Enquirer: 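Can you read through this structure? Questions will come right after.
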Amino acid sequence: MILSAAGAALVLDDSGPGLPRVVHFGADPGSAHVSAHGSASDGVAGADLAPALAVPAVPLLPAQGDSWYGRPGLSGGRDGEHWPVRWTVRSLDVDAEPGSGGTVTVAAADERAGLGLVTELLMDGGGLVRMRHTLTNTPGGAAAGTPFRVAGLVCALPVPARADELLDFTGRWALEKVPQRRAFAHGVWSRENRRGRTGHDGTGLLVAGTKGFGFRTGEVWGVHAGWSGDHVHYAERLPGGVSLLAAGELLEPGEVVLAQGASYRTPWVYFTWSGGGLDDASARLHDHQRAARPLPVRPVTLNNWEATYFDHGLDRLLELAGRAAAAGIERFVLDDGWFRHRRHDRAGLGDWYVDTDVWPRGLHPLADRVRELGMQFGLWFEPEMVNPDSDLAREHPDWILGRAERTPPPQRHQQVLDLARPEAYAYLLERLDALVGEYALDYIKWDHNRDIAEPVHDGVPGVHAQTLAAYRLLDELRGRHPHLEIESCSSGGARVDLGILARTDRVWTSDSNDALDRQAIQRWTGLLVPPERMGCHVGAPHDHITGRSLPLDFRAATALFGHMGVEWDLTSASREELEGLAAWIALHKRLRPLLHAGRVVRADHPDPSALLHGVVLPERAVYAYAQLTSRVESAPAPLRLPGLDPAARYEVRPAGPVPGGAAMPEWAAAPVRVPGSVLAELGLPAPALRPASVLLLEVERV
């Protein structure tokens, strides 16, 4: 049987004993000749492909009973006897049309081991594959009535031997998504995260590809676990010639114990393939998110944090709001400091009531003025955390996630609220619901500012229950307020995954607004996240984290390629700066239908001191040529523009301000018309830019 769409295919062989085996995941081998159920009309059946392909078949859940001697797909056991699992398929349901994707659902059991399994495989119309398992402790068998302790349950798909290089990501606070490459050698390369959230160093997307693959070249396979708690991604290669990518939730001993009749369901794990580099693999992930939850127009947002911090003087905030509206900003977000006792970050967290000492009339004077100015109003929360110096912690110390006998180590003067405790959950839902309702909030920035250390819920490891409770809280709040938009922030980009993005409208990409660092952070975060879901703000001229000072045009051009916003005290800006910012915001609004709907493309530019990227629709495109540091070569490399129709003709012209000090080529003086094939293969002569400069190119089909 075969699932195929958009040039990708997943071929399964169900002719043997046990679970179906994955014969192939990659380029479509000709699914027009293979029916969804494996019967061939003019070609070969799915089972017949197995001996013809170089990749040995791998079961949907690898185990030693299938002659798999690598990491098992399922690990766990019972107190007492141990029964290795051998699955017998009970039902196999296929709903698929060649070229349109589809679903495969396999129900299996091992009666002696007392376990049942349901595996779901879905391929969408863009060729992205999703997979999850549901494991049940079934009645009967040799171990009837005893609990089953799940140690691990992952989703895996094979990759061929030619995928001999790995790419994943590491990072830290204010410098997320740093790429690292290595050879795909024998053994396991495992990225395990035990931070209770996705993590600044979370790999996001683990990629295997042909040697030297780039954004536009090479064949690549990628895996991503859509889960916001502890997780694992790994690549494994065995000397017998089998390689695979796998991912899933990372469980601690005793975290998931199944009583008789109980089930554990894995998070969705996503698999993407491309025959033409990272860009196409990324596009499948973007297309899936856009189809699953289309977003309204993304308002340009101002967040007041780096402008005022804990200074919530009304007059100052009103002046900031006025300047924001004058610059064309469409949403004003009041950050940390509005609730009781919150004059610094050491107290008040968890006391979700407006501080009447600071706001004697509540937030209404600010919210009302913001709306009079034509902007939406948003508010910051950090619901999952609590300061020990708070009314909430003093009244309910038992609500802190951890053992009652020993408080977990503090971070950022915070502890974690046990959301899986019904009383704590109910308190948060009531407070959030009340505040969203009272102020008719359009938007909330939902923060999560620390790793979870020593999480214990009712005596067992608590990250699994905590993550599910956070998901329920988000889902219920959105259900009560369907118009509400939610941003996932986690001390920057420490909770960026498709589990949280299924429930939120954007992620805060990084706490660093340094545009030079942001060029790389956004480039690599964007492999997983489409531009309209990435918070990208224009920071202050002098960045408070890196200490670097950068020109407005470079900062604004960097923020243009995302969900644009501002994180800058505009009351300190000069008239020229405000006019310049307003011009950039107007340009973003004009380009927004393209930026937030087109396909992201990234050139494999030969000069490491510069980046070339863009967003492309059939009729138009916009590109950014960013000079990051000084060039080694005296002449810049040509600008080869990827993603255009080679048979079409395009008009190319600069967009936005021309960078100061740039030596511009002749074509920049007036629009030029060039075939797409020439733009892609030969390119345009590049301007000679100074470091920290960006030139935008606007391209229209003619």
Side-chain angles (χ1 to χ4, degrees), residues 1-4 8-31 34-40 43-75 84-96 98 102-110 115-123 129-135 153-163 208 221 223 234-248 266 269 271 273:
M1 70 195 112
I2 186 167
L3 303 178
S4 64
L10 180 70
V11 182
L12 299 173
D13 175 13
D14 63 335
S15 63
L19 294 173
R21 293 172 176 262
V22 181
V23 176
H24 170 72
F25 173 51
D28 188 344
S31 59
V34 186
S35 81
H37 295 275
S39 61
V44 293
D48 296 334
L49 287 172
L53 294 174
V55 180
V58 176
L60 285 176
L61 192 62
Q64 285 192 345
D66 306 301
S67 298
W68 172 257
Y69 295 101
R71 276 195 181 185
L74 168 66
S75 56
V85 177
R86 295 186 185 178
W87 301 109
T88 299
V89 173
R90 299 303 187 199
S91 65
L92 176 62
D93 296 319
V94 181
D95 182 8
T103 64
V104 174
T105 305
V106 183
D110 184 330
L115 294 174
L117 179 74
V118 175
T119 297
E120 300 166 82
L121 276 167
L122 291 81
M123 177 181 280
V129 174
R130 286 188 291 157
M131 183 179 184
R132 69 180 179 186
H133 303 295
T134 303
L135 181 73
L153 183 57
V154 300
C155 298
L157 288 180
V159 297
R162 63 183 179 276
W221 294 257
V223 62
Y234 65 88
E236 182 167 18
R237 171 157 285 170
L238 299 181
V242 182
S243 306
L244 54 73
L245 295 177
T266 71
V269 174
F271 296 89
W273 166 84

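What you see is a predicted model, and the numbers here were worked out from it, not measured in a lab.
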Enquirer: Do V269 and V154 come within less than 4.5 Å of each other through their side chains, counting heavy atoms only?
Expert: no
Enquirer: For a quick test of reading the model, state the closest non-hydrogen atom pair linking A8 to W273 and the distance between them.
Expert: CB-CE3, 3.8 Å
Enquirer: Looking at side-chain heavy atoms only, is the closest gap between L60 and V106 below 4.5 Å?
Expert: yes
Enquirer: Keeping the roles fixed (side chain from S243, backbone from A161), state whether a donor-acceptor pair exists under 3.5 Å.
Expert: no
Enquirer: What pairs with R90 under salt bridge (Lys or Arg N to Asp or Glu O under 4.0 Å), at least two apart in sequence or on another chain?
Expert: E111
Enquirer: Does the D28 side chain pair with the main chain of G30, one donor and one acceptor, at a distance under 3.5 Å?
Expert: yes
Enquirer: Could you grab the distance from atom CE of M123 to atom CE of M131, nearest 0.5 Å is fine?
Expert: 12.5 Å
Enquirer: Does any part of the side chain of T105, heavy atoms only, come nearer than 4.5 Å to the side chain of V118, both counted from C-beta?
Expert: yes
Enquirer: Among residues at least two apart in sequence or on other chains, which ones pass salt bridge (Lys or Arg N to Asp or Glu O under 4.0 Å) with R21?
Expert: none
Enquirer: For R130, enumerate each residue passing the side-chain hydrogen bond (donor to acceptor under 3.5 Å, both in side chains) test, keeping only those at least two apart in sequence or located in another chain.
Expert: none
Enquirer: The test is side chain to side chain contact (heavy atoms under 4.5 Å, CB included); show your working for D93 and V104 and say whether it passes.
Expert: CA-CA 6 Å; D93 296 319; V104 174; over 6 Å; no
Enquirer: How long is the span from the CG atom in L117 to the CG atom in L74, to the nearest 0.5 Å?
Expert: 8.0 Å
Enquirer: Nearest 0.5 angstrom please: C155 SG to H133 NE2, how far?
Expert: 4.0 Å
Enquirer: T88: what forms a side-chain hydrogen bond (donor to acceptor under 3.5 Å, both in side chains) with it, not counting sequence neighbours?
Expert: none
Enquirer: Please report the shortest heavy-atom distance between A247 and V223, naming the atom on each side.
Expert: CB-CG2, 3.8 Å
Enquirer: Evaluate the criterion side chain to side chain contact (heavy atoms under 4.5 Å, CB included) for residue pair L12 and V23; output intermediate values, then yes/no.
Expert: CA-CA 5 Å; L12 299 173; V23 176; over 6 Å; no
Enquirer: Has D95 got a side-chain atom pairing as donor or acceptor with T103's backbone, closer than 3.5 angstrom?
Expert: no
Enquirer: Looking at A156 and A246, what are the two nearest heavy atoms and their distance?
Expert: CB-CB, 3.7 Å
Enquirer: Would L115 and W87 satisfy side chain to side chain contact (heavy atoms under 4.5 Å, CB included), going step by step from the backbone distance to the final call?
Expert: CA-CA 9 Å; L115 294 174; W87 301 109; 3.9 Å; yes
Enquirer: Are any of the side-chain heavy atoms of V242 and V58 separated by less than 4.5 Å?
Expert: yes
Enquirer: Measure across R237 and P160 and return the closest heavy-atom pair with its distance rounded to 0.1 Å.
Expert: NH2-O, 3.4 Å
Enquirer: Would you sort out whether V129 and L122 count as a side chain to side chain contact (heavy atoms under 4.5 Å, CB included), showing the intermediate values?
Expert: CA-CA 6 Å; V129 174; L122 291 81; over 6 Å; no
Enquirer: Would you say F25 and V11 make side-chain contact, with heavy atoms under 4.5 Å?
Expert: no
Enquirer: With sequence neighbours left out, write down each residue that passes side-chain contact (heavy atoms from CB on, under 4.5 Å) with A163, or none if nothing qualifies.
Expert: V159, A208, W221
Enquirer: Within the structure provided, determine whether P20 and M1 are in side-chain contact (heavy-atom separation under 4.5 Å).
Expert: yes
Enquirer: For a 4.5 angstrom cut-off between non-hydrogen side-chain atoms, does T119 reach L61?
Expert: no
Enquirer: Is there a side-chain contact between S4 and L10 (heavy atoms, below 4.5 Å)?
Expert: no
Enquirer: Once you round to the nearest 0.5 Å, how far does CG of L157 lie from CG of L244?
Expert: 8.5 Å
Enquirer: Going by the rule salt bridge (Lys or Arg N to Asp or Glu O under 4.0 Å), which residues pair with E236 if we only count those two or more places apart in sequence or in a different chain?
Expert: none
Enquirer: For L245 and A235, which heavy atoms make the closest approach, and how far apart are they?
Expert: CD2-CB, 3.7 Å
